[in-house]
Amino acid sequence: MAEQLIGKDPSAGIDAMVSTTPPNRFQPAITINQMVMLCARGDELPPESNDPDAGPCAWLQDNTCPLYPVRPFACRAMVSTSPCRPGGQACMPPFILSLNNVMMQYLEALDRPGASGNLADVLAFLSRADNRNGYRAQQLQTFEQPLIANHAFPVLMVPPEHRQPIQPFLQKVQAVLKEGK
């Protein structure tokens with residue numbers, strides 16, 4: 001189904017997808033690891049705006065995600081204990097949120113020197129062959145707004161009440177990372 005949306009020419013499909021994305025889409029000001037660094041230092045977080053009028057994902061077709069088989073981790077991690085409320089607010093169990101945040105921290109750190117941002121903006125960036133080639137060769141040093149360079153994590157963001165229950169997960173992640181070296 002993703003190929004039907006994107007088609008044989010990824011650039012044309014991505015252009016079509018990006019053109020359907022509302023201009024008032026969420027565009028993060030910082031990455032999750034930057035947020036952790038700021039919080040660890042006790043610094044203020046920069047303001048971010050998320051316009052609820054942007055509505056649900058612009059790429060849904062008949063309430064179905066055509067990218068479902070290849071969806072990014074942020075979409076895979078979105079779970080809700082009840083149907084999302086109007087405006088797209090999910091009811092996520094706090095421990096699942098902690099697991100997702102830790103996983104996103106690892107993924108960001110593993111994708112250095114890559115970038116983060118709204119999926120539409122990342123796809124638009126990667127639709128250009130020179131950007132794809134630079135990314136593959138790990139030769140990209142800076143990114144134009146609205147993309148943000150990825151960072152390593154100084155500490156994992158785990159609330160005290162989740163530190164013990166998250167240990168088996170962290171041990172498995174560490175084992176997988178050691179195998180990959």
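Numbers for residues simply follow the sequence, beginning at 1. This is a predicted model, so every value here is computed, not measured.
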Does NZ or CZ of Arg71 fall inside the cone over Tyr68's six-membered ring, less than 6.0 Å from its centre and within 45° of the axis?
-> yes
Considering all heavy atoms of both residues, which atom of Ser80 and which atom of Cys91 are nearest to each other, and what is their separation?
-> OG-N, 2.9 Å
Enter the distance from Glu108:CD to Met35:CE here, rounded to the nearest 0.5 Å.
-> 10.0 Å
Is it the case that more than 12 heavy atoms not belonging to Glu44 sit under 6.0 Å from its CD atom?
-> no
Is Val122 linked to Ile148 within one hydrophobic cluster, defined over Ile, Leu, Val, Met, Phe, Trp and Tyr using a side-chain heavy-atom separation of less than 4.5 Å?
-> no
Treating Ile, Leu, Val, Met, Phe, Trp and Tyr as nodes and any side-chain heavy-atom pair under 4.5 angstrom as an edge, say whether Leu107 and Ile32 lie in one connected cluster.
-> yes
Search all heavy atoms of Gln138 against all heavy atoms of Arg112 and return the closest pair with its distance.
-> NE2-O, 4.4 Å
Here the gap from Gln27 atom CD to Asp121 atom CG, rounded to the nearest 0.5 Å, amounts to 4.5 Å
Between Ala29 and Pro46, the two heavy atoms sitting closest are CB-CG, 4.2 Å
Of all residues at least two apart in sequence or in a different chain, which pass the side chain to side chain contact (heavy atoms under 4.5 Å, CB included) check with Ile166?
-> Phe95, Leu99, Val102, Val158, Phe169, Leu170
Measure from the side-chain N and O atoms of Asn118 to the backbone N and O of Phe26, and report whether any donor-acceptor pair falls under 3.5 Å.
-> yes
Path from Met157 to Met78 over hydrophobic side-chain contacts below 4.5 Å = yes
Would you check if Leu147 and Phe125 make a side-chain contact, meaning some heavy-atom pair closer than 4.5 Å?
-> yes
Is the side chain of Asp62 donor-acceptor paired with the backbone N or O of Thr64 at a distance under 3.5 Å, no angle test?
-> no
Within a strict 4.5 Å, meaning less than it, do heavy atoms of the Gln174 and Tyr106 side chains meet?
-> yes
Taking a hydrophobic cluster as the set of Ile, Leu, Val, Met, Phe, Trp and Tyr residues connected by side-chain heavy atoms closer than 4.5 Å, whether directly or through intermediates, do Leu45 and Leu156 fall within one such cluster?
-> yes
When every non-hydrogen atom of Pro154 is compared with those of Met37, the smallest separation belongs to CG-CG, 3.4 Å
Less than 4.5 Å apart, any side-chain heavy atom of Asn101 and any of Val36?
-> no
Give a yes or no on whether the backbone of Asp111 and the side-chain of Asn150 come within a donor-acceptor separation of less than 3.5 Å.
-> yes
What heavy-atom pair brings Ser127 and Arg132 nearest, and what distance separates the two atoms?
-> O-NH1, 3.0 Å
So which heavy atom on Ala109 is nearest to which on Phe153, and how close?
-> CB-CD2, 3.7 Å
Any donor-acceptor pair under 3.5 Å linking the side chain of Arg136 with the backbone of Asn133?
-> no
May I ask you to decide if Asn33's main-chain N or O and Gln105's side chain share a donor-acceptor pair within less than 3.5 Å?
-> no
